[in-house]
Amino acid sequence: MAGAGLGFSSSLSAQSRATAGIMVRIPVPLLKRRKLKFAGLNEVFRIRVAGCGVSSTRLYNCGSCAAEERVSVDMERYKEAFGRRMAVAGLKPHHSIAVGVSGGPDSMALCLLTAAWKTDGPYAASQSDGYVDGLLAIIVDHRLRAESKEEAHIVSRRVSKMGIRCEIAECNWSDGKPKQGHLQEAARDMRYQIFQKVCIQHQIDVLLIAHHADDQAELLILRLSRGSGVLGLAGMAFASQLFSTSTVLHNEGSNNKGLLLVRPLLHFSKEDMYKICQASNQDWVEDPTNRSPAYARNRIRMSLGNLSSYTFQSEIQELISSCRKTRAYVDHMSNELIDQAVNIMDQGYAVIDLMVLSPSKVPDMCLSKFIALVLQFVSQKHRTVRGATSKRLLDYVRTFPCKASLSTLQTSFTVAGCYLCPSPGSRGTKLLVCCSVNCHLPSTIEVNNSDFDREQKQYPSMLDEIIAEGKSYVDQFVPDVVDVKFLDMTCQSVLAEAKRIGIISESTHNNITLLERNETKYFKPENKVHLEQEIIENPSTSASESELLHPGKACYFMDRFMVTWNERPLSYCSSLVIDHRTAAEVRYMAESDWLYLAKLARCKNLHDLVPQITDADSEVEQIARKRKQSLEYMQLSAIKSLQSLKSIPVAARRSLPVLVNHEGILLTIPSIGFQCCPCLIVSCAFRPRLPLGGGHSSFL
């Protein structure tokens, strides 16, 4: 991958050296891969230099030769291969698409292929003002180098000449620029936030990124050195959904379908990127940070460059392919288990039917993935469960019925922001998974009421159609279990098994192991407290974390609930405990809240529960009548709400949002319909940012 983004960057190379009669000049590192012999004093090749619009010639001393390699590039075969990958993703030329562009050879090659694909065939997109309709290049200026702004504009001009509209977006480092050790990760996170924002603004559902096969090889070594499992060794998904954290996407009446990220070049090599650009006479930018050994990917890339024989390259790609087959099988099985055994309730908790799941019959890897997806959905956070905690969690789920774990005699389990326990009344045959109030409360974002109406007018989206088309391909190629090589393999055993069954040779095995060891010494594992979640018998009932909600506004509570307070005229309100001019506090539901409802429901003297409120401008009789009506309404609402509350397990109640006034008096529990006044119109909708299963992904 071309750096912190600074570029994006898989292999047709063996098939693409065909017959088109186009002569290109290949950079020296790629010539070395081909092990060519020369007869002159120097190798001469053209490289496109960042910051200028012309090519410059650099000389590399070869010791005995000066030569130019003539390579015939069959661009039609590249275009055909690209078109097939786009079809597998469910994409057609008339779909609106964005391309992430850094200006490096990878993203420039992607632009060339995408523009050609969009304008070819019976479904070709039209053109206006010299630009291809439905195609936008997004160039991110990270503002981490002095020359980045100039480079962004150079890249924009080059891409515009291809007939692609461009938008340059600058990173705003409000908390200061990232530190050197975390620069690439921070730049990547910022870049994808910008991609999503720009795509939403332009009503685009699909983003193309130029990762290729060489990037996958780098990632394999990196993840081996970090102790990743087989699913991680599968590398980057061919297609996956990204989901926005923007609150306005989650108001009532809207759906967060996310952005489909597609990597159509995973079967192309880095060499292919250079060939495509050279054959099209296309300039590119070389990012100097890609040569810094301070970054893991750069170190691995340079090491892989010294081991780039055809045998090594093909075997490492075959290893990745086998891991991807395992990932595809596990993902398919996990999603099938979710469809069959998981029921999601309106209050945001999950119930797993253990009789349907039959956890004792599910392979460890599939069961772990299944549980991880359910935990991620309920908590709306991705927290990896590893090591001993992962084993204890599997043992807990497999203890059937799950009244108590035989080894630890525990009836509940807190992990990854979730609280697990037997579902009440199920006699241990169903498992309850709800959000633990121990987890940190996400930021709450307020949105004006006027924003709701505007955002609810959703633009016509073709994402469902695209994903359905892509899934039809995925379903055809889900491997059988007999074809899955690494289903129960650890990170350490994958390489040994791959060598045993002939996927990689002894030489390739030794080289990969050496690369892994060299990179491992740079890795400093996090504190084990962060890697393994502690088991906690009982969830906290603390409700200390809260946010303020103003009349006429909304908040997104815990990344799960959209809480909306619809404003009413002050003259309409007869409540004694609510002031429509001030904010209410939104917090977790606590045990004291349902005890208050119970007391309110059976109380004969309601005046004892609500403080006296006087109004010097009103008649005494009018005050008394208003007070009586308000208290009677509160009591009736409490009685009805308690009936609704009985159907919600105690553990799940603790993550429901409630509103209280500045004195701490309960105003409303919108999830169960309690409200202290008929004019207090507060709605609560379960709108999780991430869908169950994490959204569409493909590892074809």
Side-chain angles (χ1 to χ4, degrees), residues 1-2 5 7-12 78-102 106-118 120-121 123 125 132 134-138 140 159 164 188 191-192 194-196 198-200 202-216 219 234-244 257-268 272-273 276 320 324 327-328 331 461-477 694-700:
M1 178 177 177
F8 313 89
S9 300
S10 304
S11 187
L12 270 186
Y78 280 122
K79 293 176 182 178
E80 290 173 7
F82 182 82
R84 288 193 296 270
R85 298 304 291 171
M86 296 294 274
V88 169
L91 295 172
K92 295 179 173 61
H94 66 274
H95 291 144
S96 294
I97 291 173
V99 183
V101 181
S102 68
D106 310 340
S107 60
M108 298 304 279
L110 179 59
C111 285
L112 289 165
L113 292 174
T114 305
W117 171 77
K118 286 277 287 184
D120 189 28
Y123 300 101
V132 180
L135 183 57
L136 175 70
I138 306 174
V140 178
V159 175
I164 302 176
R188 180 191 181 280
R191 183 165 65 251
Y192 279 90
I194 290 174
F195 286 155
Q196 292 184 72
V198 173
C199 286
I200 291 170
H202 290 271
Q203 302 181 356
I204 293 175
D205 295 321
V206 180
L207 172 69
L208 304 186
I209 299 296
H211 290 119
H212 50 72
D214 292 41
D215 293 320
Q216 292 281 59
L219 188 57
M236 294 171 281
F238 164 62
S240 58
Q241 279 180 277
L242 298 179
F243 295 93
S244 175
K257 296 181 180 180
L259 176 70
L260 184 64
L261 188 151
V262 179
R263 300 178 175 93
L265 302 182
L266 290 182
H267 283 64
F268 292 67
D272 293 324
M273 303 298 103
I276 292 167
I320 294 171
R324 293 174 76 81
R327 176 67 185 263
D331 285 355
S461 173
M462 303 191 73
L463 190 56
D464 288 338
E465 173 191 312
I466 294 169
I467 289 176
E469 185 75 14
K471 282 184 176 179
S472 68
Y473 281 96
V474 173
D475 293 341
Q476 294 177 42
F477 296 100
H696 171 62
S697 65
S698 169
F699 281 81
L700 286 179

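Side chains included, hydrogens not; waters and symmetry mates left out as well; all remaining heavy atoms used. As the structure is a computational prediction, the values presented were derived from the model and not from experiment.
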At their closest point, which heavy atom of [X] faces which heavy atom of [Y], and how far apart are they?
X	Y	value
Leu207	Gly100	CD1-N, 3.7 Å
Ala115	Leu135	CA-CD2, 4.1 Å
Val88	Tyr473	O-CD1, 3.7 Å
Ile204	Ser96	CG2-O, 3.7 Å
Gly258	Leu463	O-CD2, 3.3 Å
Val132	Ala125	CG1-CB, 4.2 Å

Non-hydrogen side-chain atoms of [X] and [Y] separated by less than 4.5 Å:
X	Y	answer
Val198	Leu136	yes
Val99	Val159	no
Leu242	Gln196	yes
Ile209	Tyr192	yes
Gln216	Arg324	yes
Val206	Ile97	yes
Ile467	Gln241	yes

Using 0.5 Å steps for rounding, measure from the [atom1] atom of [X] to the [atom2] atom of [Y].
X	Y	atom1	atom2	answer
Asp464	Lys471	CG	NZ	9.0 Å
Leu219	Asp214	CG	CG	12.5 Å
Asp272	His267	CG	NE2	12.0 Å
Ile276	Leu110	CD1	CG	9.0 Å
Ile466	His696	CD1	NE2	10.0 Å
Leu208	Arg85	CG	CZ	12.5 Å

Across all chains, not counting sequence neighbours, the side-chain hydrogen bond (donor to acceptor under 3.5 Å, both in side chains) partners of His202 are Glu167
Residues in side-chain contact (heavy atoms from CB on, under 4.5 Å) contact with Ser697, at least two apart in sequence or another chain
Ser240, Asp331, Phe699
Going through the distances and angles, do Ile164 and Val101 end up as a side chain to side chain contact (heavy atoms under 4.5 Å, CB included)?
CA-CA 11 Å; Ile164 302 176; Val101 181; over 6 Å; no
Can a donor-acceptor pair be found, under 3.5 Å and without considering hydrogens, that links the side chain of Thr114 to the backbone of Cys111?
no
Side-chain donor/acceptor of Lys118 to backbone N/O of His95, under 3.5 Å
yes
Step by step, work out the side chain to side chain contact (heavy atoms under 4.5 Å, CB included) result for Lys79 and Asp120.
CA-CA 10 Å; Lys79 293 176 182 178; Asp120 189 28; over 6 Å; no
Before giving the answer on side chain to side chain contact (heavy atoms under 4.5 Å, CB included), spell out for Met273 and Leu265 the whole-Å C-alpha distance, their side-chain angles and the decisive distance to 0.1 Å.
CA-CA 9 Å; Met273 303 298 103; Leu265 302 182; 3.8 Å; yes
According to the interplanar angle, ranging from 0 to 90°, do the rings of Trp117 and Phe82 count as parallel (below 30°), tilted (30 to 60°) or perpendicular (above 60°)?
perpendicular
